[in-house]
Amino acid sequence: ATWGYGNDNGPATWVKSFPVAAGTRQSPIDIVPTAAKCDTKLTENPLTVNYSPEPAMELCNPGLSVKANIKSKSVIKGGPLEGEYKLEQFHLHWGSADKQGSEHTLNGKMFPAELHLVHYNATKYSSFGEAVDKPDGLAVFGIFLKISDKPHQGLKSLTDVLSEVQYKDKSINIKQEYNPVCLLPDNINKYWTYLGSLTTPPLCESVTWIVFEEPIEVSEDQMKAFRALCCGECGSAPIVDNYRPPLPLGNRQLRASFQ
Ligand SMILES: NS(=O)(=O)c1nccs1
Ligand SMILES: [Zn+2]
């Protein structure tokens, strides 16, 4: 039985096949800003993003989300990171309604969706596959999505073609050069960071999470486009509520790059 987000295969069942689900550095978490420790070391060493245009970005429907695979040299460093981390892929988690959908929560509040840009430590490891289960292997940007009356222009190149990857295992190439930097919020200097895990199986405790304070704004129509994606072939259930609820922070320190 493969894992998913239904009653019989959802997050509460994952521990049976992936015991690390009960581990001490699991993700997501509820972010409580007043509990975060402002760390000047984060501001002294600013997070830097050097993303490149992707000539023909591959967008696919793996069945439980929508994912873009990156081939260009797009890297990040600084902030909580040691070494250079290379962008591997990005994907999203979203709800069946605007009241839910994000994985991280902010003072218990869920956003309609959350965008994850997944990077691996290219200084220490030669591939994502090698880095995925190392404690310093991955760095993931978490970006909250909120609803506004205007569509997000950067996401529009994707939401306008989601109908072409409606069914599982469909993939297309986004022709025109696409630079993922268009997906980042304006202010990337305000973020929370903590040591966590993948939020989907195999749930490896290998992620330095960087969750930005500033959400990006998307339209209701763009949310509807995500909710029209299907888990399987024609007639299968829509991909919605593909989020793992928050896990305890436990003894971990949540750090903030700002006061
Ligand atoms: N949702 S996540 O970014 O933590 C992730 N899970 C598996 C590969 S990347
Ligand atoms: Zn994710």
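Computed from a predicted model, the values in this text were never measured in an experiment. Counting begins at 1 with the first residue of the sequence. In listed order, ligands and their atoms are each counted from 1.
At a threshold of 4.0 Å, the pair Lys156-Asp221 does not count as salt-bridged, since none of the basic side-chain nitrogens sits closer than that to a carboxylate oxygen. Under 4.0 Å is where a charged nitrogen must lie from a carboxylate oxygen, and between Lys67 and Glu88 no such pair does. Taking 4.0 Å as the cut-off between side-chain N and carboxylate O, Lys41 and Asp39 count as a salt-bridged pair.
Between Gln89 and ligand 1, not a single N/O pair is under 3.5 Å apart. Considering backbone and side-chain N/O of His91, one or more are found under 3.5 Å from N/O of ligand 1.
When only non-hydrogen protein atoms are considered, atom 1 (N) of ligand 1 lies nearest to Thr199 OG1, 2.7 Å. Atom 6 (N) of ligand 1 has its closest protein heavy atom at Thr200 OG1, 2.9 Å. Of the protein's non-hydrogen atoms, Leu198 CD2, 3.8 Å is the one closest to atom 5 (C) of ligand 1.
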From CA spacing to verdict: ring pair (Phe, Tyr, Trp, His ring centres under 6.0 Å), Phe212, Phe141: CA-CA 7 Å; Phe212 295 107; Phe141 284 165; 4.9 Å; yes
Derivation of the side chain to side chain contact (heavy atoms under 4.5 Å, CB included) call for Thr199 and Trp209: CA-CA 11 Å; Thr199 65; Trp209 278 94; 3.8 Å; yes
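What you find for Ser65 and Pro62 is that their closest heavy atoms are O-CD, 3.2 Å.
Contact annotation for Tyr243 and ligand 1: no heavy atom of the residue comes within less than 4.0 Å of the ligand. Of all the heavy atoms of Val118, the ones lying under 4.0 Å from any atom of ligand 1 belong exclusively to the side chain.
Taking the Zn ion (ligand 2) as the corner point, the angle from His91 atom NE2 to His116 atom ND1 is about 110° (rounded to 10 degrees).
Shown in contact with His93 at under 4.0 Å from a heavy atom are these atoms of ligand 1, numbered in order with element: 1 (N).
Within the structure, the closest approach of Phe90 to ligand 1 does not fall below 4.0 Å when heavy atoms are considered.
Note: Tyr194 and His104 have perpendicular aromatic rings, judged against thresholds of 30 and 60 degrees for the angle between ring planes.
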